[in-house]
Amino acid sequence: PETYRSDENRPERISDHDVPVVFLRLPVEITSSVAITSSPVNYNPGQQYYMANLQVKNASTAPLPNPFYVVLEGLAPSVILQNATGMTAEGLPDITVERNLRPNATEVVQLRFAAPAGTEITFTARVYRSL
């Protein structure tokens, strides 16, 4: 609205000289605040994809922020995380979890991979939040 014109305290301000150029989402790793366990990666021949579940448990005494991001590192180049919701600046797939996680609460994150049959899928999961 016109009322935001030139108001430097509003990101949606209207102006021809103070337009926002970029908004950054700075990631902060919070893997040490969670316990991550993974089920075995199994092939589903009917659906023709690999599947696994990650359990992300808040091991801290404070709630985990909403959203937080599960990033998979170490995937082979032939393996694609089909249900990724984004990519890091380094090109690693991530899944956004849109939920606050209370202390000791657990979130199950489904992973669905495309890969050649017979592929052994390994990865390291890390958890990040934005500043």
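We use all heavy atoms of the structure for the numbers below, so side chains are in, but hydrogens, waters and symmetry mates are not. Start at 1 with the first residue, then count along the sequence.
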Would you mind listing every salt bridge (charged side-chain N to carboxylate O under 4.0 Å, His left out) that reaches into residues 121-131, with sequence neighbours excluded? E29-R126, E73-R126

Decide yes or no for S130 and V28: does some side-chain heavy atom of the first lie under 4.5 Å from some side-chain heavy atom of the second? no

According to salt bridge (charged side-chain N to carboxylate O under 4.0 Å, His left out), does anything in residues 40-62 pair up with another residue at least two apart or in another chain? List the pairs. none

I121 versus L75: any side-chain heavy-atom pair under 4.5 Å? yes

For residues 104-120, which residue pairs pass the salt bridge (charged side-chain N to carboxylate O under 4.0 Å, His left out) check, not counting sequence neighbours? R99-E107

Quick one: list whatever passes side-chain contact (heavy atoms from CB on, under 4.5 Å) with S78, sequence neighbours left out. A76, P116

Checking F113 now: which residues fulfil ring-ring contact (aromatic ring centres under 6.0 Å, His included) with it, not counting sequence neighbours? F123

If I take atom CD1 from residue I95 and atom CG from residue L81, how far apart are they, to the nearest 0.5 angstrom? 4.5 Å

To the closest 0.5 Å, what do you measure between CG (N83) and OH (Y49)? 9.0 Å

Closest non-hydrogen atoms of T106 and Q55, given as atom of the first, atom of the second and distance, are CG2-CB, 3.9 Å

side-chain contact (heavy atoms from CB on, under 4.5 Å) filter on P67, not counting sequence neighbours, yields Y69, T96, E98

Scan residues 79-93 for pairs that pass salt bridge (charged side-chain N to carboxylate O under 4.0 Å, His left out), counting only residues two or more places apart or in two chains. none

Those residues that, when tested against Y43, pass ring-ring contact (aromatic ring centres under 6.0 Å, His included) (two or more places apart): Y50

What about F68 and V71, same hydrophobic cluster or not, with Ile/Leu/Val/Met/Phe/Trp/Tyr joined at side-chain heavy-atom distances under 4.5 Å? no

Going by side-chain contact (heavy atoms from CB on, under 4.5 Å), name the residues that satisfy it together with N53, two or more places apart in sequence or in a different chain. S39, V108, Q110

Do any N or O atoms from the side chain of N42 and from the backbone of M51 form a donor-acceptor pair under 3.5 angstrom? no

Tell me which donor-acceptor pairs under 3.5 Å the side chains of residues 58-65 have, and how far apart each pair is, sequence neighbours excluded?
from: N58; atom 1: OD1; to: S60; atom 2: N; distance (Å): 2.9
from: N58; atom 1: OD1; to: S60; atom 2: OG; distance (Å): 2.8
from: N58; atom 1: ND2; to: A62; atom 2: O; distance (Å): 2.8
from: N58; atom 1: ND2; to: L101; atom 2: O; distance (Å): 2.8
from: N58; atom 1: ND2; to: R102; atom 2: O; distance (Å): 3.4
from: S60; atom 1: OG; to: A62; atom 2: N; distance (Å): 3.3
from: S60; atom 1: OG; to: A62; atom 2: O; distance (Å): 2.9

Assigning hydrophobic clusters by single linkage (Ile, Leu, Val, Met, Phe, Trp, Tyr; side-chain heavy-atom cutoff under 4.5 Å), is V41 placed with L111? yes

Please assess V70 against V56 for the test side chain to side chain contact (heavy atoms under 4.5 Å, CB included), listing each intermediate value before the final yes or no. CA-CA 9 Å; V70 178; V56 180; 4.3 Å; yes

Chi angles and distances behind the side chain to side chain contact (heavy atoms under 4.5 Å, CB included) call for V109, V97: CA-CA 8 Å; V109 178; V97 178; 4.0 Å; yes

The side-chain contact (heavy atoms from CB on, under 4.5 Å) partners of I36 (sequence neighbours excluded) come to T31, V34, L54, A125, V127

